[in-house]
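In listed order, ligands and their atoms are each counted from 1.
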Amino acid sequence: KFASPVIPVYFHVVRSSTSLSGGSVPQSQIDAQIAVLNADYASTGLSFTLAATDFTTNSTWFQSADDCSGRTYQTAMKKALRQGGANALNVYTVGFSRSTGDCSGLLGYATFPSSYSSAPTDDGVVIRYSSLPGGTAAPYDEGRTLTHEAGHWVGLYHTFQGACSSTGDSVSDTPPEATPAFGCPTGRDTCSGGGVDPIHNYMDYSDDSCMTEFTAGQATRIKSQMSTYRGITF
Ligand code: ARG
Ligand code: ZN
Ligand code: CA
């Protein structure tokens with residue numbers, strides 16, 4: 001029994017207070033974020049539908065539900081909030097505002113597909129709330145942080161994975177790249193041979209406005225990872 005390639009998305013807004021400055025994201029930004037996901041994944045055959053939104057006021061989780069100070073808080077947060085099976089994308093928006101650790105520049109992080117049997121508590125994506133479309137995290141304010149993190153969740157590596165090695169990101173049509181690209185550089189070419197760096201790819205580190213594509217090879221990898229690990233057929 002397989003799920004369809006329509007991914008149910010459970011959106012968990014974790015905030016420090018009920019105000020916008022406390023990370024309380026308006027529903028309009030969540031809807032805009034789902035629209036960005038659907039536009040960006042259109043070429044891959046995957047689509048996303050908002051299954052539910054919930055709001056939790058917890059300033060501890062809001063500040064450091066992440067890797068910058070160990071996994072204590074994210075484990076508790078996900079255990080309390082996660083919904084659905086291995087085919088469901090759980091998204092947590094938080095502030096990453098803790099002053100200790102290396103939270104300050106963090107936009108998000110994700111779990112990769114793996115051999116989950118049923119509802120995997122740890123599985124999902126945690127992103128900075130201000131990275132949603134219309135947020136305040138410019139130049140990362142067009143919703144591409146979730147596009148990128150969901151890319152990991154569907155089984156993709158960074159385009160600069162493995163640097164200039166031949167295996168790289170395990171996708172053959174993304175040219176090798178020695179290091180992440182930032183901003184939106186022109187004609188960047190960090191490995192000899194294979195073509196210019198794929199700086200417009202969603203799995204690089206460029207500005208949101210610079211990111212425009214998944215390749216056909218990435219779409220193929222997504223399909224195989226999603227059917228193997230998340231019970232999804234296309
Ligand atoms: N640095 C993060 C990661 O490695 C996210 C990068 C998102 N980039 C963006 N333009 N929004 O997963
Ligand atoms: Zn990444
Ligand atoms: Ca590649």
| said: Quick check: do Glu149 and Thr145 have side-chain heavy atoms less than 4.5 Å from each other? | reply: yes
Which label fits [X] and [Y]: parallel for a plane angle under 30°, tilted from 30 to 60°, or perpendicular past 60°?
| X | Y | result |
| --- | --- | --- |
| His158 | His152 | perpendicular |
| Phe160 | Tyr205 | perpendicular |
| Tyr109 | Phe96 | tilted |

Checking [X] side chain against [Y] main chain: does a donor-acceptor pair fall under 3.5 Å?
| X | Y | value |
| --- | --- | --- |
| Thr220 | Ala216 | yes |
| Ser227 | Lys223 | yes |
| Ser206 | Ile199 | yes |
| Asp204 | Ala181 | yes |
| His148 | Tyr202 | yes |

| query | Relative to the Zn ion (ligand 2), how many protein N, O or S atoms have a separation of less than 2.8 Å? | reply | 3
| Is the cationic atom of Arg230 (NZ for Lys, CZ for Arg) positioned less than 6.0 Å from the six-membered ring centroid of Trp153 and within 45 degrees of its normal? |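 Yes, Arg230 lies over the aromatic ring of Trp153.
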| Ring centers of Phe112, Tyr229 separated by less than 6.0 Å | no
Write none if no such pair exists; otherwise list each N/O atom of ligand 1 with its protein N/O partner under 3.5 Å and the distance.
{"from": "ligand 1", "atom 1": "1 (N)", "to": "Tyr205", "atom 2": "OH", "distance (Å)": "3.4"}
{"from": "ligand 1", "atom 1": "4 (O)", "to": "His158", "atom 2": "NE2", "distance (Å)": "3.3"}
{"from": "ligand 1", "atom 1": "4 (O)", "to": "Tyr205", "atom 2": "OH", "distance (Å)": "2.5"}
{"from": "ligand 1", "atom 1": "10 (N)", "to": "Ser206", "atom 2": "O", "distance (Å)": "2.6"}
{"from": "ligand 1", "atom 1": "10 (N)", "to": "Asp208", "atom 2": "OD1", "distance (Å)": "2.9"}
{"from": "ligand 1", "atom 1": "11 (N)", "to": "Thr145", "atom 2": "N", "distance (Å)": "3.4"}
{"from": "ligand 1", "atom 1": "11 (N)", "to": "Thr145", "atom 2": "OG1", "distance (Å)": "2.9"}
{"from": "ligand 1", "atom 1": "11 (N)", "to": "Asp208", "atom 2": "OD1", "distance (Å)": "2.7"}
{"from": "ligand 1", "atom 1": "12 (O)", "to": "His148", "atom 2": "NE2", "distance (Å)": "3.2"}
{"from": "ligand 1", "atom 1": "12 (O)", "to": "Glu149", "atom 2": "OE1", "distance (Å)": "3.2"}
{"from": "ligand 1", "atom 1": "12 (O)", "to": "Glu149", "atom 2": "OE2", "distance (Å)": "2.4"}

| task | Apply the side-chain hydrogen bond (donor to acceptor under 3.5 Å, both in side chains) test between Gln218 and each candidate in Asp169, Thr44, Thr159, Asn201; give the one that qualifies. | result |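 Looking at Asp169, Thr44, Thr159, Asn201, the match for Gln218 under the side-chain hydrogen bond (donor to acceptor under 3.5 Å, both in side chains) is Asn201.
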| query | What pairs of residues pass the salt bridge (Lys or Arg N to Asp or Glu O under 4.0 Å) test when at least one of them lies in residues 18-44, not counting sequence neighbours? | reply |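 Passing the test, one end in residues 18-44: Asp40-Arg144.
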| Is any protein N, O or S atom closer than 3.0 Å to the Ca ion (ligand 3), and if so, which? |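 Listed by chain and number, the nearby protein N, O or S atoms are Asp169 OD1, Val171 O, Thr174 O, Thr174 OG1.
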